[in-house]
Amino acid sequence: MLDFIVQGFVSALVPENLLVMFIGLLVGIVGGMLPGITTVTAVALFVPFTFSMSPEMALIALGGVFCGAMYGGANAAILINTPGTPGSIATSLDGYPLTKQGRAEEACYVALLASTLGGIFGVVALMLFFEPLSKVALSFGSEAFFWMGLFGLSTLAAMFPGHIAKGLLGGAMGLALGTVGLDPVMGMPRFTFDVFSLVQGLDMVALMIGLFSVSQMFVMLESNETYIVSMARQAHALKRALIAVLRHLRLLGVASAIGTFIGALPGAGGSVAALVSYNEAKRWDKNPDRYGQGAIEGILVPESANNASVGGSLVPLLSLGIPGSAAAAVLAGGLMAQGLTPGPQLMEKNPDIAYAFIVSMILANIGMLFIGYLLVRICTRILDVPKLLIIPAVISISFLGAYALRNSMFDVMLMIVSGAIAYVLLKAHIMPAAIALGLVLGRIIEENLIVTCYRAQAKDSLADLLVFSPMAAVFMAACVLAVIIPLWLTHRKERAAGIVRRPRLSAACLGRYDFWVVLLITLGGIFFFNQSRELTGVSSYFPQAVYASIIGLGVFIMGMQAFQSAPKGRALPSCGALGNIGIYLGIMVMAYLLIEPLGFYTALFSGTGAMTAYGVFGLTKRKCDWRGFAFVLGYTLLLTIVEYGCFRLLMGVQTPTGFLL
Amino acid sequence: MLRYIMILLLALGMSSASCLAGEYPDKSIRIIVPFNPGGGGEQAARLIEKEFKELTGQPLSFIYKPGGTGLIGMTELARQKADGYSIGIHSYPLLVLDGITGRARYTLDSFDFISLLCLEEVYLAVSADSPIKSAEELIAQARANPGKVNLGICEIMGPTHIPALRLKAENVPFNHVSIDGAGKVAPALLGGQVDAAIVPSGGVSGSIGKMKVLAVFSPERSKRFPDAPTLKELGFDINSAVGRYIAAPHGLKPEQRAYLENTFKTILARPDVAQRFENAGSIATWKSGDDLRKMFEAYIPEGQSMVDFYKKSQK
């Protein structure tokens with residue numbers, strides 16, 4: 001094996017191979033930063049470019065894209081709170097607060113270092129523990145997957161301190177969104193109202209862009225500050241980041257180990273790895289309250305875990321020919337186009353190629369350090385750009401990102417609508433991250449629940465398999481603890497502070513904004529629960545459970561509020577700010593309507609121009625002279641050209657053309 | 001002003017894609033994959049993608065529309081313009097069954113079929129370390145413990161579910177565990193979550209080495225597993241195969257259709273391509289669109305009886 005490793009190093013270090021690796025990394029990192037280009041999309045879009053290459057070179061390039069995209073999401077998550085890939089949702093929880101504290105650069109460097117180290121950890125673990133990892137991953141049955149999914153959800157209870165029930169409610173809403181469309185086993189339509197676009201299901205990527213990117217832009221519109229952060233740039237960011245990483249090496253190792261393991265499970269990828277490890281870190285921390293307020297560990301842990309999952313996801317690919325994640329699946333497709341069969345045969349017949357690939361992943365992680373460093377230098381400059389110029393840019397990229405994966409105009413509309421709704425929910429403390437977690441995990445939970453039910457038919461009772469099998473019991477206990485511990489901690493803290501609750505029914509809740517939002521959600525839950533009663537057989541179990549829990553949580557939250565005398569809801573944004581948000585939303589809808597007649601880029605150009613002009617002339621009161629006009633036009637044009645270059649020329653995304661481009 | 005800008009942008013765009021009208025095809029061809037990225041449907045298309053670009057000068061651009069074992073993607077394909085720039089790849093015999101169950105809005109007439117690309121064998125398999133040695137043993141076990149032996153299948157109403165249903169009709173009562181896709185059935189089989197499984201050869205090409213193929217659902221024995229008997233030898237007249245083929249929305253120009261048909265024929269005739277398919281566990285097989293359609297029509301009676309049987313067994 002050692003000689004293959006050495007050989008692998010030699011062939012990976014060939015200049016051409018290094019070059020394609022760097023190109024792959026660059027495409028991956030940039031793609032990962034853009035909303036809508038997830039790791040899967042980035043790898044899929046790059047596959048055609050590898051055909052002219054030798055198998056070895058193609059794999060090295062694709063490996064670079066894979067690693068890069070997994071990391072790339074972090075920068076956007078940290079700097080503007082818009083996770084570019086599902087894998088970096090957890091990163092935004094602490095990353096954006098750090099940016100707000102003026103520690104953006106440090107946070108970005110920590111993410112980079114953690115990604116690199118996590119990535120190397122994953123690949124080394126792949127080489128050393130290949131056999132045992134593949135065995136353990138196989139013993140993970142559907143009942144274990146089901147509980148792992150629920151466990152991931154139960155962590156929501158701890159994610160938003162003070163809003164435990166709302167965190168869970170958000171998660172349930174995410175699960176509910178995931179049930180729209182055809183059910184995963186029978187293929188029966190659910191909640192589709194005979195609309196074909198709904199039968200297709202709500203695309204996760206489009207929803208995520210709406211939930212994070214669009215709603216975050218609305219939040220930015222609330223305040224009058226010119227920049228995202230008003231703090232001065234911090235000095236010695238790289239040194240601080242290095243020290244932070246060195247101080248938490250053990251934590252990083254644990255997070256990477258979790259990431260590698262979850263990556264090795266067929267069907268769970270970087271996003272699950274990042275979220276689970278984030279929560280474990282928080283749970284075992286002496287002072288868990290720091291998380292979510294800008295803890296360096298909150299970046300270090302998920303970023304190392306998601307990059308470690310890359311190495312892990314190659315375990316099932318190389319041992320069984322079964323990809324551990326969707327991105328690994330596309331990688332396998334690229335392999336096959338080269339005439340290679342992923343699986344044990346690859347290791348036996350072409351060990352030189354297999355090892356060159358594995359070793360190149362280590363090099364790719366090191367290369368990522370350099371490219372990442374340069375990109376952090378460039379990207380953190382975004383904080384020097386006035387907010388009102390960032391907003392149109394992010395929104396127009398969101399349009400392209402929502403469209404790119406499925407080439408569907410419905411997804412663009414979905415992105416706009418979900419962005420608006422997410423903002424409404426966000427103001428009621430139902431956070432996008434909770435909904436996104438439900439979305440990510442819903443499919444895993446439902447599919448494995450149904451498979452477990454099928455399997456249990458051969459046994460005498462469902463409980464034997466779902467509750468009493470060893471794997472299930474462990475995870476179930478963890479779930480229960482994950483919900484109870486935060487409740488107990490809150491209770492203890494309140495007692496220590498001498499707060500004695502004397503529940504008394506009062507009408508004060510009627511004056512609370514979030515009360516009405518929760519009421520609406522509950523009513524919606526009741527409506528859809530009734531709808532789901534028309535479903536039959538296995539496809540009805542999961543939606544019924546989900547809507548029942550939405551109703552239950554909603555009633556619980558409203559009940560608690562009814563017994564609180566003093567409303568403690570956050571102040572709502574001013575009418576002026578709401579008006580501005582309305583105007584931006586209106587421009588987005590206009591741009592959407594213009595796509596058909598004018599063509600995608602022309603519509604985007606006009607929409608971006610309108611938003612920029614409104615921001616520059618309307619909100620910052622710049623004089624509306626020809627220089628101002630030229631500035632707006634130039635900026636919009638530049639944005640459109642860059643977007644065209646990235647999406648059309650680099651990634652090859654086709655967009656509808658109308659009268660113009 | 002805006003027009004000049006657009007002209008400038010257009011000029012930029014020219015460098016990558018020539019926008020001038022020319023001979024077909026003069027721009028990239030969208031291929032709708034009605035399965036998840038990396039799934040079996042994509043595989044066959046990826047295997048010929050390289051040659052397709054070489055021959056036509058245009059790349060295939062992949063659009064994923066997964067859901068309902070191909071229902072979503074094929075509905076989408078049927079709605080596309082029949083301009084030769086939208087094609088789709090699908091699995092035989094799913095489309096025919098969609099028409100019979102009536103769950104789809106499309107029929108065979110909604111499409112112009114272009115070419116069959118490959119065929120995959122369907123196996124009855126257990127894990128390599130399973131105590132079960134032969135198909136007879138497995139069947140005897142299923143009969144001795146009705147409904148207690150788990151059999152993994154890869155979809156509902158498709159090439160692995162139908163043979164399972166037919167076995168059930170022949171009084172081999174396995175408990176069917178439907179798991180979404182061969183990629184998930186294989187780990188369930190190897191991890192012992194199901195006792196046996198019916199799998200298509202392409203979907204398990206990487207993991208087949210860790211399985212024991214007990215029987216083949218083909219009229220003749222498999223070249224890859226000559227020791228495994230056919231179901232006919234075991235006394236059951238049950239055959240099944242997965243075919244991957246290219247289709248386009250109905251109304252394609254005859255010359256475009258002929259062009260595409262010939263392109264795929266040329267690609268599949270190449271020995272290196274055939275080898276690539278073999279590595280991926282399937283057999284490169286070209287069939288013209290008309291033959292393909294005849295094949296589908298011939299399948300309707302059998303499909304009908306299976307759908308009826310399934311509906312009856314659900315009650």
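By convention in this document, chain letters (A, B, ...) are assigned in the order of the sequence lines, proteins followed by strands, and residues within each chain are numbered from 1. What you are looking at is a predicted structure, and each value in this text was computed from that prediction instead of being measured.
- Looking at B/E54, there are no atoms closer than 4.5 Å to chain A (heavy atoms on both sides), in backbone or side chain.
- To the nearest 0.5 Å, atom NZ of residue B/K210 and atom OG of residue A/S319 are 5.0 Å apart.
- Contact tally against chain A (heavy-atom pairs below 4.5 Å) for B/S205, B/G281, B/A280: the top residue is B/S205.
- B/P59 does not touch chain A: none of its heavy atoms, backbone or side chain, sits under 4.5 Å away.
- In this structure, the portions of A/V451 lying under 4.5 Å from any heavy atom of chain B include both its backbone and its side chain.
- Distance check, rounded to the nearest 0.5 Å: CD1 of A/I450 to CD1 of B/I179 gives 12.0 Å.
- Here the CZ-CZ distance, from B/R105 to A/F196, works out to 7.5 Å after rounding to the nearest 0.5 Å.
- For chain A, the option among B/V204, B/V194, B/T75, B/N145 with the highest count of heavy-atom pairs below 4.5 Å is B/T75.
- When the candidates B/L190, B/D180, B/V177, B/L60 are compared by the number of heavy-atom contacts under 4.5 Å with chain A, B/V177 comes out ahead.
- A/A44 touches chain B through backbone and side chain together, each having a heavy atom under 4.5 Å away.
- For the set A/N448, A/L465, A/N407, the count of heavy-atom pairs under 4.5 angstrom toward chain B peaks at A/N407.
- The side-chain hydrogen bond (donor to acceptor under 3.5 Å, both in side chains) contacts involving residues 183-204 of chain B comprise A/E447-B/K184, where partners must be two or more places apart or lie in separate chains.
- Interface check for chain A: of the options B/A45, B/G147, B/G73, the most heavy-atom pairs under 4.5 Å are formed by B/G147.
- The most heavy-atom pairs under 4.5 Å with chain B, out of A/V43, A/V47, A/L346, A/L317, come from A/V47.
- Interface remark: of the candidates B/H176, B/R79, B/E155, B/R79 forms the most heavy-atom pairs closer than 4.5 Å to chain A.
- Both the backbone and the side chain of B/S178 come within contact range of chain A, each with at least one heavy atom under 4.5 Å from a heavy atom of that chain.
- No other option in B/I156, B/I32, B/I48 has as many heavy-atom pairs under 4.5 Å with chain A as B/I156.
- One finds the CD1 atom of B/I72 at 4.0 Å from the CG atom of A/L182 (value rounded to the nearest 0.5 Å).
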